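The structure appears right after this line, and notes come after that.
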Amino acid sequence: MRSAQRDAVAALYRPSCLPLLGFAVSLLLGLAERERAKQIKLSALECLRVLLLQGECQEHRWLREEQAQRCGDLFASFLPGVSLALSRIIAGDVKQGHGVTVSAIRLFYQVVVSVMADEQLARVPKQKEKPPVEQSRITELIVHRGPEWSKSTSEKLSLLLRKIVELSSVHSHWRVRLELVELVHHLLSNCRLSLVDSFTHLLKALVGLVNDENSEVQSRCNEVLQGIAEQQVIAQNRALADVLSENLHSLATALPRLMNSQDDAGKFSTLSLLLGYLKLLGPKINIVLNSVSHLHRLSKALMQVLELDVTDVKIVEDRHCVGGYDPSGSVQHGVQKGRSQRKYFRFFTEEKIFQLLQQVCRVLGYYGNIYLLVDHFMGLYCESAVYRKQAAMVLNELIVGAAGVGVDVLQEREVSLSMDDLKGSVTSILEEYTDQTNWYLVTSIDTEEISHEQLSVPRSGLAALPGAACSSILPSPDPHVTTRTMNSNVWQLCIQLEGVSCFAAVLGREFRLLLLSALYPVLEKAGDKTLLISETAQGTLVDICEACGYDSVQSLINENSDYLVNGISLNLRQVAHQPHAAQVLSTMLRHSDASLLPLVEDVIQDVLSALDLSYSDQASTFLGVLHSLMAALVQWFGPSCSKEHQQRQAAEGQSRTLSQTQQEITSQEMERFFLDYVKQKQIAEGNLSDSGDEEADEVPSLAKPEPSNSDAEGETPLPSHAQLAKDVMERCIHLLSDRNLRVRLKVLDVLELCVTVLHPHGNHLLPMAHRVWPALVTRLISDDPLAVLRAFKVLCTLAQKCGDFLRQRFSKDVLPKMTSSLLSQAAASARAGPVYNHTLAFKLQLAVLQGLGSLCEKLDMGESDLNKVADACLVYLSAKQPMKLQEAAQSVFRHLMRVDPDSTWLFLTEVCCPHPYKAPHTSLHPVKLRGMGRQRDEFTDNILLLLEELQQQERAGAQRAPPP
Amino acid sequence: MAQPPPDPRFVLRGTGAAVHALRFSCGGEEPAVPILFSGSENGFIHVWNLKTHRVDATLDGHGRKSVYWLETMDSKDRLLSQGRDQRICLWDLAEGRTAVMDSVFTENVGFCRSSLLKVAQGRWLMAMAAKTLEEVQVLELPSKTSVCTLKPEMGAKLGMPMCLKLWQGSCGSQPSLLAGYEDGSVLLWNLSTGKVLSQLICHQEPVMSLDFDSERAKGISGSSEKVLSIWSLNEQQNLQAQKTHRLVNAGISDITIRPDKKILATAGWDHRIRIFGWKKLKPLAVLDYHTATVHSVSFSDHKSPSDRLLAAGAKDHRISIWSIYTQT
């Protein structure tokens with residue numbers, strides 16, 4: 001055959017040779033089908049191909065179209081037999097080897113193409129040619145390829161093709177699958193019209209193979225798809241589009257069922273099929289979407305597939321420690337950027353399935369009419385809480401797809417979406433997301449919050465949306481919200497937050513305009529107590545920063561603080577939203593720096609006035625804000641000032657010990673001592689004019705009683721942060737005696753911070769301290785141990801700042817009570833076992849002992865008070881006491897040594913004296929100390945240690961100050 | 001049931017001083033951004049972009065002296081501003097310029113807001129308190145030629161003019177001037193003769209502000225008392241007291257009738273903005289947001305009624321923007 005000359009070949013393919021050919025063909029087919037030997041099978045098929053299609057022989061390429069046409073006519077009569085036999089071979093036992101199957105498939109499509117090619121069929125005349133008489137018998141064998149014939153043939157072929165496709169698309173050998181791709185390719189490109197019926201199966205095979213495990217099959221498949229798309233086969237061919245949309249419809253219908261029954265791999269292939277259809281449809285997608293039933297099916301399928309698993313209890317449990325100030329927080333967020341929370345779906349677990357679904361939505365968004373889609377899914381979003389999360393997810397992806405981000409498509413869309421359209425859609429979605437019915441969901445059942453929620457929810461419904469239909473879907477005020485609902489709410493918020501991220505990413509700098517409405521809600525959620533939500537919201541903030549071109553979250557907040565402040569101030573006006581507004585303010589403060597202060601000052605005043613109106617029920621919410629405010633102020637203004645101050649104090653303390661240890665007293669020092677004495681005396685008499693002023697030491701004249709002076713100084717304008725601290729402190733005074741212990745504890749914390757901030761402004765701090773004192777004393781003396789503990793901490797801070805201003809009050813109001821409680825507790829702690837270390841009483845003792853020493857030093861206590869302290873602490877030097885308490889008691893004595901070494905020495909030696917002291921001269925009384933000659937007892941060790949230290953200190957002092 | 005009064009749509013912050021004057025310019029077509037001008041006590045005029053709610057530009061032309069009157073001439077590119085530095089400046093704001101084109105030295109030490117009236121294309125009349133205490137001067141703009149000086153009769157003891165309103169009846173009729181004086185009386189002046197047409201004593205205290213509806217020939221004035229006074233003008237050009245409306249708290253610093261003449265807003269010293277129906281003076285709402293005296297109220301001139309806004313500027317440095325009764 002190969003070597004046959006042109007005319008010989010031509011002769012062979014004349015109609016008259018039909019019977020001969022027929023014989024050859026059937027022989028070869030028989031061989032190929034029934035022969036055992038693989039080699040023979042292969043060569044039979046090869047031979048058949050040569051016979052039918054002139055092989056791959058270069059010489060015969062010249063076969064003119066006319067001739068090809070004639071061949072087509074000729075072989076049309078063999079087609080049924082050939083195709084049947086071949087399909088049997090293809091369907092044959094796997095053992096026959098892939099080579100056979102491959103070549104059978106190849107032969108199959110070549111034959112089909114040669115007979116059924118569109119071009120040929122188009123040229124077939126309508127009427128059967130009148131056959132020459134003499135050849136009538138043979139001619140009867142020739143089939144006329146008219147429309148009827150092609151229709152019936154294509155029906156039959158479609159059955160065969162379906163069988164082939166089904167079998168070979170799951171064939172274990174990749175070459176077979178590759179060949180199948182080829183088959184689809186050839187048939188699709190050549191028999192577009194004639195084989196329309198089979199396209200369903202062909203495309204299904206093709207699209208299904210896109211995600212084949214073999215990369216070669218995959219890439220070829222992609223190429224073919226690309227080719228099809230590029231030729232705009234589908235765009236031009238309405239029939240094909242119909243087929244596709246029909247496929248899509250049935251797939252969408254079956255999808256939920258398949259999702260339920262298939263395993264992950266099956267789901268994966270089903271979904272890739274869906275994606276493939278959508279991609280193939282390309283710009284024609286709108287035809288499908290415009291049909292209500294299609295859109296409905298598709299969206300319902302997506303809703304079902306994307307259903308989230310919300311049974312995880314941990315989501316609700318994970319929460320922040322409220323009010324915890326984490327200055328490093330803003331740094332960490334950089335790391336979590338852009339990572340969305342891992343979701344758990346009911347119907348699948350694999351991440352790649354989710355990615356597929358994402359692609360599906362994006363492709364829809366890319367090609368589809370965005371208004372139609374957004375509208376439809378928004379409808380679903382509002383329709384039922386069951387669909388809400390899924391619809392939100394789909395909406396997010398639609399927008400991403402519409403912007404053409406992260407979509408993998410076969411062909412460009414005709415018109416890309418304008419920014420304005422995109423912005424319009426985003427704005428409407430955003431509005432819906434941040435609507436209060438969808439944004440303020442119950443995510444926790446805090447005992448603390450529940451009262452507010454109950455109180456707020458009906459109110460917000462009434463005040464904001466009078467008579468609106470939405471009020472029916474307001475989160476129910478029912479406290480018995482199940483964990484499931486809350487989980488679902490948490491997820492919904494996360495998805496909505498992620499949506500905001502997407503929108504920002506899509507709109508880029510254009511999103512800045514939307515910050516007006518979007519930033520406030522996001523910040524609100526960033527302060528949420530549920531960890532998942534707040535993390536997502538923080539991620540969203542980072543995304544927004546990136547999209548809008550801000551350097552950091554901080555600059556995002558700073559530059560948009562006017563929007564935020566506005567939101568806060570307006571929300572503060574409604575009781576229901578006050579907690580949210582407070583949260584936003586805290587978040588703002590936490591993420592920002594001092595430059596923010598002038599902007600928020602205004603709104604902080606609003607907060608304070610709102611607090612004034614609702615001390616009873618909202619106090620704890622607002623205290624959270626005040627705490628973060630003060631913490632921020634300490635961070636912004638505190639450290640530098642206080643550091644400076646501490647240095648100064650340290651220097652002073654040193655000089656004081658120096659001067660005290662100096663043996664020689666100069667006249668200057670005498671004078672100084674005297675002036676100090678006068679001043680101290682005046683203070684002791686109650687003249688408070690400027691005792692807190694450190695500089696006053698150098699200026700004796702200031703120590704004169706000048707009541708007008710202090711007034712004048714009080715009027716000097718405070719820096720704004722200090723003024724704020726003062727205002728806050730004022731509120732704290734009232735709240736110190738709140739009924740709720742938690743509130744009291746919080747107040748004490750805030751108070752401590754206030755003192756730290758106000759510290760450089762003694763003239764303002766002292767009057768405030770004066771006013772705080774009574775309330776603070778009550779906390780110290782008669783309150784829950786927890787509160788006492790905190791209050792004592794505040795006292796220590798206050799003492800550090802106010803110094804001797806508090807001395808008298810302390811010694812009068814607090815010290816007696818404190819020493820007596822120390823003494824009474826000592827018995828208990830001496831007896832207690834190791835478990836005692838974990839009790840509150842122990843912690844209290846420890847804290848008091850640790851603080852008392854420095855307190856005495858700071859307050860510059862008088863001798864009798866020091867004795868009281870020493871008495872009380874002595875019991876804790878006992879070896880019977882827990883080790884930590886002993887150490888703490890030692891520290892008290894160390895401080896006492898610094899204040900008054902001599903009397904401390906005396907006190908200690910009274911208890912225990914290691915050395916006998918001899919009077920230097922006989923005329924003096926012999927030295928008698930009570931501690932002398934005592935038996936070794938429980939105190940000995942500690943006292944000896946302390947005396948040793950005391951001696952060293954004296955020696956060091958003497959060395960440092962050499963005699964003049 | 002009456003709806004609760006709404007919250008402000010938005011609050012503009014950042015003027016850094018009490019706000020004394022407000023003027024919208026929102027009539028432009030779509031690409032043009034709606035704008036609100038605000039004049040504050042520290043002499044700055046802020047140009048607020050109502051899309052972003054941020055300051056687009058800050059004009060400094062009154063030597064840090066309070067700006068208490070703002071008016072646009074046709075477009076937002078021409079702005080008139082009056083300040084306590086006794087000057088009225090004409091600003092050229094086209095294409096981002098912020099330059100003073102022209103200015104008039106009023107030599108008046110009071111704080112009487114001027115009044116502008118467009119009489120023909122490219123021709124305006126402006127009434128302003130003049131150097132001599134009781135006088136009002138009317139200028140023609142842009143030529144700045146004096147049209148007339150309105151001097152009360154000797155011994156009238158009216159005191160200083162406190163508020164002015166130039167108006168013109170149906171097309172072609174003579175423009176007239178309504179002026180409220182320190183002694184509580186409102187005078188109607190004929191500009192062509194320079195004579196008083198009518199006088200009505202509306203208040204016991206100085207008239208702080210007035211507005212006039214030329215269609216209904218009806219006006220309203222407020223003073224430092226607890227009373228709003230409504231008066232009308234009959235065919236004989238006589239002012240007649242119609243009725244008074246008692247308020248809870250004393251002091252009205254500004255009154256504005258909405259351009260569609262359906263409602264009016266008052267700025268109160270009691271920090272509140274009050275909304276009334278104009279026809280019967282039915283109290284409609286009390287808008288409570290500010291924490292200090294409200295100095296100025298102004299309605300926007302948006303093309304579409306549903307966009308229209310009310311702005312109020314107060315001593316607490318804030319400008320509140322409200323969207324109220326846009327459906328009615």
Side-chain angles (χ1 to χ4, degrees), chain A residues 419-420 423-424 427 436 459-468 509-520 548 558-578 581 595-610 612-613 720, chain B residues 1-19 29-34 36 38 40 42 46-56 58 271-273 285-292 309-325 327:
Chain A
M419 206 50 160
D420 280 342
K423 216 162 86 183
T427 316
Q436 50 181 339
R459 218 187 248 228
S460 70
L462 274 177
L465 309 155
R509 280 183 179 256
E510 289 283 315
F511 195 72
R512 283 189 180 204
L513 276 178
L514 294 177
L515 283 178
L516 181 57
S517 51
L519 191 56
Y520 179 82
C548 298
N558 279 355
E559 284 181 39
N560 294 293
S561 51
D562 49 346
Y563 294 164
L564 292 171
V565 165
N566 179 62
I568 294 169
S569 132
L570 291 185
N571 276 300
L572 275 176
R573 287 162 56 82
Q574 287 175 8
V575 181
H577 294 302
Q578 277 178 357
S595 58
L596 184 72
L597 191 65
L599 294 159
V600 293
E601 225 173 299
D602 179 66
V603 85
I604 289 168
Q605 291 301 336
D606 284 353
V607 170
L608 291 178
S609 58
D612 289 344
L613 289 176
S720 58
Chain B
M1 200 193 96
Q3 289 182 19
D7 277 334
R9 268 273 287 273
F10 204 88
V11 179
L12 305 174
R13 284 157 223 261
T15 55
V19 181
E29 290 300 324
E30 188 32 59
V33 188
L36 173 69
S38 77
S40 49
N42 55 9
H46 295 275
V47 184
W48 297 91
N49 179 334
L50 290 181
K51 274 238 169 81
T52 61
H53 299 260
R54 286 190 173 145
V55 176
D56 270 358
T58 307
H271 315 173
R272 295 191 176 129
I273 305 153
V286 177
L287 307 179
D288 189 7
Y289 174 77
H290 289 283
T291 53
L309 300 170
L310 165 70
K315 203 180 167 188
D316 60 3
H317 304 190
R318 300 181 194 179
I319 303 168
S320 54
I321 309 270
W322 309 74
S323 173
I324 43 160
Y325 301 111
Q327 291 85 28

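Please read all numbers here as calculations on a predicted model, not as lab measurements. Letters go in sequence order (proteins before strands), and every chain restarts at 1.
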Next item on the list: Please indicate whether B:R54 has more than 12 foreign heavy atoms, meaning atoms of other residues, nucleotides or ligands, lying under 6.0 Å from its CZ.
Entry: yes
Notebook entry, point to check: Which residues in residues 561-570 of chain A have a heavy atom less than 4.5 Å from any heavy atom of chain B?
Noted result: A:D562, A:Y563, A:V565, A:N566, A:S569, A:L570
Notebook entry, point to check: For A:N560, is it the side chain, the backbone, both, or neither that has a heavy atom closer than 4.5 Å to a heavy atom of chain B?
Noted result: both
Notebook entry, point to check: Can you say whether B:D288 sits under 4.5 Å from chain A via the side chain, the backbone, both, or neither, judging by heavy atoms?
Noted result: backbone
Check: Given B:T52 and A:L513, is the side-chain contact (heavy atoms from CB on, under 4.5 Å) satisfied, shown in steps?
Finding: CA-CA 6 Å; B:T52 61; A:L513 276 178; 3.4 Å; yes
